[in-house]
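Down below is the structure, laid out as structure tokens.
A, B, ... follow the sequence lines: proteins, then strands. Residue 1 opens every chain.
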2 protein chains.
Amino acid sequence: MKDVARVAKVSLSTASLALNGKPGVTQKTKEHIISIAKELNYKPNSSARSLRVSKTKMIGLIIPDIVNNFYGVIVEYVRKEVESYGYFLLLGITGSNSANEEKYINEFITRGVDGVIYIPQLKHSDIRYVEQFDECKIPYLFLTARYEELDVPYVLCDLKKGFYEMTKHLLEQGLTEIYVMVGDKKVDQPYISGFYEACREFGICPDETVIVESSFEFEAIQEVADEIFFKGPQAIMTISDIMACGVMQQARKRGIRIPEELSVTGYDDVIYSIINHIPISTVMQPIKEMCVIAVNNLMNIMKYGIVPPSVILEPKLVLRETTRD
Amino acid sequence: MKDVARVAKVSLSTASLALNGKPGVTQKTKEHIISIAKELNYKPNSSARSLRVSKTKMIGLIIPDIVNNFYGVIVEYVRKEVESYGYFLLLGITGSNSANEEKYINEFITRGVDGVIYIPQLKHSDIRYVEQFDECKIPYLFLTARYEELDVPYVLCDLKKGFYEMTKHLLEQGLTEIYVMVGDKKVDQPYISGFYEACREFGICPDETVIVESSFEFEAIQEVADEIFFKGPQAIMTISDIMACGVMQQARKRGIRIPEELSVTGYDDVIYSIINHIPISTVMQPIKEMCVIAVNNLMNIMKYGIVPPSVILEPKLVLRETTRD
DNA sequence: GTGAAAGCGCTAACAA
DNA sequence: TTGTTAGCGCTTTCAC
């Protein structure tokens with residue numbers, strides 16, 4: 001910038017004002033300076049600017065896993081929204097590992113992000129990590145999750161309700177032998193509650209054995225599916241579209257016809273449910289809306305310090321071909 | 001840091017040395033300083049450091065699309081590798097849009113990344129954008145692509161060879177009515193060349209009508225598939241696993257049995273080919289290897305200024321259930 | 001409307 | 001081994 005100022009024969013401060021489009025410079029000198037800057041191929045140094053103004057124009061986003069399409073979509077929407085505000089997105093991918101979550105929290109603080117959108121997988125024991133953001137006065141909010149013990153704004157979709165609706169739909173079709181495949185009974189409690197609530201309304205009360213856990217490894221899903229098949233299920237509900245894919249593949253190996261002999265449902269309504277050879281019935285989370293609201297709310301905290309109310313969005317059934325009509 | 005130094009009763013520079021683990025400080029004072037820093041919850045300011053040392057410890061990665069699993073996997077491997085060197089990954093997602101590519105090139109320069117890994121989709125007319133990196137002396141290399149007119153190191157997988165092998169495999173099974181679905185005939189020339197080379201070896205020379213273009217929209221793929229079905233194909237080869245999914249879904253709608261009546265092949269060997277109800281035969285790109293080599297090569301340029309030779313890796317056929325044995 | 005100068009937090013050369 | 005100091009590139013207050 002020094003060079004630009006020198007060549008344009010103005011002072012450093014005038015150059016700065018002009019290049020940042022701030023008032024206090026004649027239209028003519030401004031244009032002159034800008035043209036010189038272009039000529040010299042001037043590129044501002046954002047480290048210097050950040051140091052000076054204590055703002056980096058960066059927003060951090062912490063997600064568990066980028067390979068999963070669900071988070072890929074989130075990244076895309078958050079990025080678009082964040083950039084529309086003139087910010088740049090910094091991505092932290094934790095692999096659902098608490099230590100990594102802490103690592104990225106620190107990384108973001110050190111790099112000086114102006115705000116953070118956080119999809120936590122933090123165990124309750126490690127929850128205090130996030131308070132670092134409070135100490136450093138960095139605005140943040142949770143996306144797709146919340147912790148009752150923490151007074152942090154969040155935006156998420158009502159998982160329990162989605163699972164409740166899907167269960168109800170299956171029950172209404174007269175299906176009773178329903179099994180539920182989850183990742184972790186504790187973590188996935190909302191889905192399980194939704195399931196039991198619907199059952200209760202239909203006057204049935206399946207015991208705990210219908211809830212089965214599986215890791216998210218594709219082979220593991222298939223093995224667990226096999227175990228369920230053994231019990232003669234009429235329907236297998238899962239908590240993610242990719243799980244549903246695993247169940248269906250195994251069903252094919254066993255010659256079980258879908259949906260005639262077995263209904264299978266996913267959750268999230270991401271690409272896996274759409275591209276599968278037999279499109280999968282699932283529960284839609286309004287991902288785009290969640291992301292837009294999250295970014296807008298964060299911006300409000302950043303700009304005006306007002307903390308907007310947390311929001312819980314409605315899920316929606318998407319019935320395709322793995323359930324009967 | 002000033003506070004840390006004051007509380008520890010040492011000078012700023014001593015604190016700096018200690019906190020950065022540099023020699024020139026007694027073990028004892030060092031530990032003392034570090035403990036004080038922890039107590040005060042000191043977090044270094046990387047803007048200041050970057051400004052001072054003209055290094056940001058950030059690597060930029062430019063990709064076309066994060067929703068696509070192929071790039072998601074790349075991000076994951078590149079991130080892991082980059083972080084093992086103590087760097088932080090900055091992501092630029094262009095949506096295959098030249099203007100966005102330029103935007104991120106500038107963004108990365110302004111933010112001062114120390115190096116860039118670039119998956120370009122740049123039209124040849126816009127190719128000069130990348131020379132900005134040269135002007136700013138920022139090391140960079142291409143991943144999954146190269147431009148003959150540019151003397152920039154690259155690492156990629158031999159697309160032509162992969163398609164050649166798959167075509168040969170199909171031909172060996174006696175299939176002759178083979179159609180090829182590409183995105184853009186120009187861009188996807190390597191695949192097409194591989195196809196024709198294999199055909200030539202088998203003494204056949206299909207005319208140009210067997211090569212059909214489709215956008216990557218899922219509905220578009222299905223429509224194009226329908227058009228091909230009309231011509232009575234024995235096999236449809238595609239250039240991506242997700243395209244193969246689209247073809248297969250449409251085949252199901254038309255009651256065409258796979259692989260008995262129709263062989264379908266994908267490309268890349270990413271998650272879509274694995275989780276599909278009928279697992280898809282495809283061509284594997286050694287993504288992990290590509291990423292590791294790319295990062296290592298970039299580091300070598302950054303550290304020693306030596307430009308390692310570009311590399312072209314071998315693809316591998318992965319035969320699953322959408323082709324006959 | 002324009003310029004001079006201070007200082008953001010840190011590192012590194014040099015002095016002690 | 002430790003301390004003093006200059007300066008990285010930029011913004012912003014204040015004087016002119």
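The CZ atom of Arg49(A) sits 18 Å away from the P atom of dG9(C) (whole-angstrom rounding). One interatomic measurement links the two molecules: CD1 of Ile33(A) to P of dT11(D), which rounds to 13 Å at whole-angstrom precision. Rounded to whole Å, atom P of dC10(D) lies 13 Å from atom CZ of Arg6(A). Rounded to whole Å, the distance from CG on Asn45(A) to P on dG9(C) is 17 Å. The separation between Met1(A) atom CE and dC8(D) atom P is 13 Å, rounded to whole Å. Taking atom NZ of residue Lys2(A) and atom P of nucleotide dA5(C), one finds them 14 Å apart after rounding to whole Å. Counting to the nearest Å, the P atom of dG9(C) and the CG atom of Asn20(B) are 17 Å from each other. dC10(C) atom P lies 14 Å from atom CG of Leu17(B), rounded to whole Å.
A side-chain donor-acceptor contact under 3.5 Å links Asn69(A) to the backbone of Val67(B).
Between Asp114(B) atom CG and Lys303(B) atom NZ the span is 11.5 Å, to the nearest 0.5 Å.
Using a 4.0 Å cut-off between charged nitrogen and carboxylate oxygen, Lys103(A) and Glu107(A) do not count as a salt-bridge pair.
Residue-to-nucleotide contacts include a donor-acceptor pair under 3.5 Å from the side chain of Ser13(B) to the base of dG3(D). Put simply, the side chain of Ser16(B) and the base of dA12(C) share no donor and acceptor less than 3.5 Å apart.
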Discussion item. I'd like to know whether Glu81(B) forms a side-chain contact (heavy atoms from CB on, under 4.5 Å) with Met299(B), so could you lay out the CA-CA distance, the side-chain angles of the two residues, the decisive distance to 0.1 Å, and finally the verdict.
Written reply: CA-CA 10 Å; Glu81(B) 197 63 16; Met299(B) 291 294 160; over 6 Å; no

Practice prompt. Given ring pair (Phe, Tyr, Trp, His ring centres under 6.0 Å), test Tyr140(B) with Tyr118(B) step by step and report yes or no.
Written response: CA-CA 7 Å; Tyr140(B) 68 108; Tyr118(B) 191 177; 7.3 Å; no

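Toward the 5′ end of DNA chain D lies the nearest nucleotide of Thr29(B), the other residue of the pair Leu51(B) and Thr29(B) mapping further downstream. The 5' end of DNA chain D is approached more closely, in terms of each residue's nearest nucleotide, by Leu12(B) than by the other of Leu12(B) and Arg52(B).
Of the candidate nucleotides dG9(D), dC10(C), dT12(D), dG9(D) has the atom lying nearest to any side-chain atom of Ala48(A). Among the nucleotides dA12(C), dT2(C), dT4(D), the one closest to the side chain of Thr14(A) is dT2(C). In the set dT2(C), dA12(C), dC10(D), dT2(C) carries the atom at the smallest distance from any side-chain atom of Val25(A). Across dC10(D), dC10(C), dT11(D), the shortest atom-to-atom separation from the side chain of Pro44(A) is found for dC10(D). When the nucleotides dT4(D), dG3(C), dT12(D) are ranked by their closest atom to the side chain of Val53(A), dT12(D) comes out on top.
Within the nucleic acid shown, Lys22(A) comes within 4.0 Å of sugar-phosphate atoms alone, with no base atom in reach, counting heavy atoms only.
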